[in-house]
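These values consider heavy atoms only, across backbone and side chains, with no hydrogens, waters or symmetry-generated copies. Order of listing sets the numbers, starting from 1, for every ligand and every atom in it.
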Amino acid sequence: MTELELVQKALDMRQYAYAPYSHFRVGAALESVDGRVFTGCNVENAAYGSSICAERTALVKAVSEGAVRFRRIAVAGDSEDYCWPCGACRQMLREFGTELEVLAVNRDGAYRRFTLEELLPHSFGPETLS
Ligand code: THU
């Protein structure tokens, strides 16, 4: 899948967002090194803290289907600004490597590209524990 196709998938996934509280829809598309693409959206909950972001939805779908090596993730929101992954999502993605490319997409499909290392420098990961 091309970078632009991954970005489009993230934008499209916003349609499934369950966001009755924030009204901020987010979509994500995570590509594993073997070319599979796992999608996600934010799923909110009346007990606000039980909500989950789009990136983590995509990540848990991927890991639960056996994918643990990833190439890139696109994250698209409803805002004029790029959709920056929150801290919890950065940390959870970091578990699987710091070289992941992160495409932060705005509502018009414009995006910026970073590595996870750039977004979460000096991070805590599995290597620290070994
Ligand atoms: N949200 C995400 O899905 N991903 C992020 O990285 C930032 C925030 C969601 C969580 C919540 O449902 C809504 O956006 C507003 O914070």
Side-chain donor-acceptor contact under 3.5 Å, Gln91 with Ser123:
no
Looking at every non-hydrogen atom in both residues, tell me the closest pair between Arg107 and Glu80 and how far apart they are.
NH2-CB, 3.7 Å
Sequence neighbours left out, what passes side chain to side chain contact (heavy atoms under 4.5 Å, CB included) with Ala54? Give chain and number order.
Val26, Ala28
Quick one: does any side-chain atom of Arg90 pair with a main-chain N or O of Pro85 as donor and acceptor, under 3.5 Å?
yes
Enumerate the ring pair (Phe, Tyr, Trp, His ring centres under 6.0 Å) contacts for residues 30-75, please, sequence neighbours excluded, ordered by first and then second residue.
Tyr21-Tyr48, Phe70-Phe96
Restricting to pairs with a member in residues 106-130, which pass ring pair (Phe, Tyr, Trp, His ring centres under 6.0 Å), not counting sequence neighbours?
Trp84-Phe114
Mind checking what residues have non-hydrogen atoms under 4.0 angstrom from ligand 1?
Ser22, Phe24, Val26, Asn42, Glu44, Cys53, Ala54, Glu55, Trp84, Pro85, Cys86
